[in-house]
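Scroll down for the structure; my scribbles are underneath it.
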Amino acid sequence: MIQLLAPDGTLRADPRFPLDVTPALCRDLHRDMFLARRFDQEALALQRQGELGLWLMALGQEAAQVGSIRAVAAHDHVFPSYREHAAALCRGISPAEILAQWRGVAHSGWDPARYRFHIYSLVLGAQALHATGYAVGVRLDGAQEVVLAYFGDGASSQGDVNEALNWAVVARAPIVFFCQNNQWAISTGTAQQMGTPVHVRAAGFGLDTYFVDGNDVLAVHAVTAQAADRVRAGGPPVLIEAFTYRIAGHSTSDDPRIYRSEAEVDLWRERDPVARLTTLLRAEGWADEEHFEQLDREARKLAEETRAACLSLPDPTLEETFRHTFAQEPPLLRQEREAMSAYQAGFTDGADR
Amino acid sequence: MIQLLAPDGTLRADPRFPLDVTPALCRDLHRDMFLARRFDQEALALQRQGELGLWLMALGQEAAQVGSIRAVAAHDHVFPSYREHAAALCRGISPAEILAQWRGVAHSGWDPARYRFHIYSLVLGAQALHATGYAVGVRLDGAQEVVLAYFGDGASSQGDVNEALNWAVVARAPIVFFCQNNQWAISTGTAQQMGTPVHVRAAGFGLDTYFVDGNDVLAVHAVTAQAADRVRAGGPPVLIEAFTYRIAGHSTSDDPRIYRSEAEVDLWRERDPVARLTTLLRAEGWADEEHFEQLDREARKLAEETRAACLSLPDPTLEETFRHTFAQEPPLLRQEREAMSAYQAGFTDGADR
Amino acid sequence: MITLGQALNRGLRAAMTRDPRVVVMGEDIGRLGGVFRVTSGLQQEFGADRVMDTPLAESGIVGTAIGLALRGYRPVCEIQFDGFVYPAFDQIVSQLAKMRARSAGRLALPVVIRIPGSGGIGAVEHHSESNEAYFVHTAGLRVVTCATPADGYTMIQQAVTGDDPVIFYEPKCRYWDKAEVDEDAPLAAAPALHAARTVRAGRDLTVLTYGSMVRPALVAAQIAHEEGRSVEVVDLRSLAPLDLPAVLSSVRRTRRAVVVHEAPTTLGLGAELSALLTEHCYLEMEAPVLRVGGYNIPYPPARAEERYLPDADRILEAVDASLAY
Amino acid sequence: MITLGQALNRGLRAAMTRDPRVVVMGEDIGRLGGVFRVTSGLQQEFGADRVMDTPLAESGIVGTAIGLALRGYRPVCEIQFDGFVYPAFDQIVSQLAKMRARSAGRLALPVVIRIPGSGGIGAVEHHSESNEAYFVHTAGLRVVTCATPADGYTMIQQAVTGDDPVIFYEPKCRYWDKAEVDEDAPLAAAPALHAARTVRAGRDLTVLTYGSMVRPALVAAQIAHEEGRSVEVVDLRSLAPLDLPAVLSSVRRTRRAVVVHEAPTTLGLGAELSALLTEHCYLEMEAPVLRVGGYNIPYPPARAEERYLPDADRILEAVDASLAY
Ligand SMILES: Cc1ncc(C[n+]2csc(CCOP(=O)(O)OP(=O)(O)O)c2C)c(N)n1
Ligand SMILES: Cc1ncc(C[n+]2csc(CCOP(=O)(O)OP(=O)(O)O)c2C)c(N)n1
Ligand SMILES: [Mg+2]
Ligand SMILES: [Mg+2]
């Protein structure tokens, strides 16, 4: 497992990945993770208060997400699964745009073209094929882009993901599959999910592979950067398995105590991805107290903005879904929509619907 | 690639598979292949004469099929794809039972329980999951059986096959996957199908794997026997990739000249699985001319019986399909069936339907 | 008083106790007991060999269940949510539904596929779909759904006992509904799995519905009653095969019918019922069969679902239209 | 005179010539030109980058086509036979059909999925299915089918030109039918993709049908004509959305309707048409809408298919029943 920053915050030399970590890079990555975590916590609070229908925390996976997305170019298209909130924030997607889906005001809240970040895919693994097809298009265009596709350890069991791995190799698709192995698929541990690590399986399909400490943002960043470079240079598709851990429950509806021990969770809390980089920044003197206080203020502001933006999200109308079902709305559907609207209008606002 | 009998008919020593080939075994395997080929040719003729709607020849794959099925026990359940005619004959399935499907008088012609040989699966890869589930049942029963599942190089791209490989490892299913890589999926060559050999991919999933000369019946037999023994002894599931060649077109509807050269086919004709064993039998003096003449007579008899049995297959009635749709026929469906029968009866036999 | 979820759990336990060949399998159904806890406690009681947590692959779940059935087992599969049954569609439609016919009656596949279906719980996309029509259109499958704890308890046992594959829908919005369930009543005494049930008698019009919509239909019938109109409500329970005799005997009496379901109306079950009623009692009807269903659009975001789902108001609107005809 | 297969081939060629973003993909469609040769010669003409032989995986075909569409391409996928579309069902129903709605209208997926459908060619199992109802029930998809070379030539081009996903059924038993096709007529002059067409005018009854069943319907109409009854035949062409105005204007005139298709009648398209006609012209009808379709069983072995498929005789029986009503 590739590791450049140990859990205790000390740097590890790895010949394959010469340490070219600058203070600025470390501060940036740390900031991204720190803010993502604060956002995550605020979203959790909002859900507990009934403002979100559901929330899936990225807690513990910030390094895997920030390190990978920061290592590709802004124009490289990304296909997330549904837990990549830290990655989404790095792409400039606003808290409100992320929360819209979980508040139930939309199925997705952002413009995928604007952020080069596809909508979340809740049907596990489906996006692996979309990403592969998109990457084939990149090759046909002769563009210098790379596609980054996220999926989880559980999703790796789906036929779609395996079809995608094979397809990417055969079609020479410029793609980097990024598997966040957080060791759990709801209550199903990886031992019940697969017989070998995903990166070993991917190598069997013919992809170049990396196995990296997913809680080490520097390693994830270095590995993903190298992978993207090689794919951009015409190399075979890559799969990166980032070994990390889902600190929170699967979602706010989940009760992880039923299927895993607190001791296991504590073990991973000690390998926290944010803490180890904080330690490094302090040890190396790359960030002073003022920096951290400033970051705290920023985080608090982000939390407040997140809450305010969430609460002010407009409720959806059924008309929208009608209008978004077809590019050219069929006459019959238009009639159905108009009848529905007329019917709805028959109820005075706030009345029994 | 494991090979014990070279194309020129000479034996090759392989430390992993000590040659314990007896004259009797060689004669039996040769006989199975020889008769299967004659049956295959007769079926082709029947199709050309309009007596079969379609036929898919096993020509060239006799060693892969005979060598593998003869290496497992009679009580080991088999899940074929749709080209395993040689394997089916080895299980005692009659020519008529095999041809029923291709003459269009039934979707399958034999009793899977009687022959421990499942019906053909035309939806590529689907049977890989059925075989895996069946094998899980074998484990739950604590039975000493092994499941043998066939699929092709093309089918290996299906999600179902990959889900099965992973599932078998996770569920410790006593199963041997047997992939006949005949290098073609209709017009699609393996280079357009996969980036690595199937056995390499399977190893990535955690299966024990073998790569064997599929035109060498002795190697296929030895490898499959060892694989079955190990699985029976509680070892991990196995995948055997048998490298062979589809000498004929994909089916009688196919015109292979459009996508591959005669030269390629000729090359493989020289690696004929039956011829090389004939050579060995003659060279070692394990079979005399009388033996071969006797075999010819047997083959001719099989061909005649095949033709006669095929032509005497009764046409299907629609009633049968009605009766076989549910275990307990719903009243509505019974009414529908009775109305249909009454309607059909309204037409004098041989009249305009 | 137990909930529908508990009733299903006890029904499964009874089925597993009765027949050692019954096994339960699916994602997170073992240690966790399923995301809705319907299989809660079963793994502790029957062991991990009979209550199997599977890899995350629906085609794999149904495909291996078929293999287990071929081996003599009676698998009960759980699909975690309605919207995740599609990866298993080929295994269900080409294998599970057709294996008996394809094998000329030689092979039986007693497999039950449990699906927490329909919406109304404010879930994210893919978690609120009513896709029963796909399976009703597929010859070879039995498709049933329960609306009450009592039905959940008996129907799941009947489904497991039969020799045909069954798609078993559980209205997830009703999992927490409570009612008395007589667990000692002999299963043989329960109405047949394919039988519909009149849940409210009436004279002027028949509302044909099932699953999650039975309750709003009853609310509508009560309101209609207070307004002096007598509405009969029939819980179909079995969607394939349909209990046509029961449907016809009710509609022939009331001469008016409204079909209610969450699924989009286009080729939803209402279309088949309308066509059947037209074919069987055309002259007895006094008004066209009217359909109240989901709109013909993808299921909307949670905060719009209340307006998407049929409710007592929309049912009453159709009832009024039919009666005014 | 060219065959339907050739007409589709030329329509695809025209579409690819017109728009460089159009790519064709599927199993064996490149070098071989497809098992029905519909894409024959296209790879030689447009190269392997625009005419892609794919790995053997239907979910992969549709899933990667979706990705290509997201990248700006306009993929035309071929599913080799009707019975092999099911592995792609999730990608079609949850992704292709819903992506526009799921993305609040931000994403368009101009993907065409060509399916050689229906039976009648004496094929083995899974090669003769009529599964259009699954897709008609799925909001977000356009489902169309062509019955003649002329329609094949224009409709495939219109399907490729539109911005909505289209499931394009080709009646494989008609691939070898020949007819004149005016390839120079401007596409804009052709009837819209969603428009039905009256293929035979009549006064006494309307037969609503599509695809492979148009021909037997016309034969039946001719026989009826010789027996002094005037039967109108409407080729629906578009199954989703339905051209309801055209259907209603015909049936309001004839006051009688028979729906004909190969698919099993239970929740087949006939159910929807019957329900719609009941809802829209209940009082104008003089007989119940009757359905002639495949029986509610899996498609039978080839040597029984002639008795399974609707033909002129069965259509006439329904016509007689309706007229005698
Ligand atoms: C096809 C499909 N089946 C089932 C589910 C229900 N489900 C949602 S998340 C989840 C576990 C996913 O685990 P993993 O892929 O490891 O991602 P993680 O939640 O750990 O980020 C399951 C079973 C789904 N969303 N899609
Ligand atoms: C799911 C599915 N897709 C497509 C087909 C059509 N088809 C039949 S055989 C075949 C090629 C199969 O190749 P392979 O798996 O190598 O087996 P082989 O024919 O070489 O024995 C194809 C594409 C099918 N039967 N099933
Ligand atoms: Mg996980
Ligand atoms: Mg092959």
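So you know, we letter chains A, B, ... as the sequences are listed, proteins then strands, and number each from 1. What you see is a predicted model; the values in this text were computed from it and never measured.
- Taking the six-membered ring where tryptophan is involved, the planes of D/Y134 and C/F89 are perpendicular, since the angle between them exceeds 60° and thus also 30°.
- D/A101 touches chain C through its side chain: at least one heavy atom from C-beta onward sits under 4.5 Å away, while N, CA, C and O do not.
- No other option in D/T138, D/L290, D/V85 has as many heavy-atom pairs under 4.5 Å with chain C as D/T138.
- Proximity to chain C is absent for every atom of D/S59, based on heavy atoms less than 4.5 angstrom apart.
- The contact list for residues 274-288 of chain C toward chain D, using heavy atoms and a distance under 4.5 Å, reads C/S274, C/A275, C/L276, C/T278, C/E279, C/Y282, C/L283, C/M285, C/E286, C/A287, C/P288 by residue number.
- When the candidates C/A271, C/A139, C/P300, C/G268 are compared by the number of heavy-atom contacts under 4.5 Å with chain D, C/A271 comes out ahead.
- For D/Y325, the part lying near chain C is the side chain, with the backbone staying farther off; criterion is any non-hydrogen pair under 4.5 Å.
- Neither the backbone nor the side chain of D/E58 comes within contact range of chain C; no heavy atom of the residue lies under 4.5 Å from a heavy atom of that chain.
- For the set C/S94, C/A88, C/A240, the entry with the most heavy-atom pairs within less than 4.5 Å of chain D is C/S94.
- Contact between D/D90 and C/G83 at its shortest, heavy atoms only, is OD1-O, 4.4 Å.
- Per-residue counts of heavy-atom pairs under 4.5 Å with chain D were compared for C/V93, C/N131, C/V289, C/L267; the largest is that of C/L267.
- With a 4.5 Å cut-off on non-hydrogen atoms, D/V136 touches chain C through its backbone and its side chain both.
- Remark: D/E272 pairs with C/R291 by the salt bridge (Lys or Arg N to Asp or Glu O under 4.0 Å) rule, at least two apart or across chains.
- Put simply, CD on D/E129 and NZ on C/K98 are 4.0 Å apart, with the number rounded to the nearest 0.5 Å.
- Taken from NE2 in D/H137 to NE2 in C/H137, the straight-line distance is 11.0 Å, to the nearest 0.5 Å.
- Between C/P298 and D/R102 there is no side-chain heavy-atom pair separated by less than 4.5 Å.
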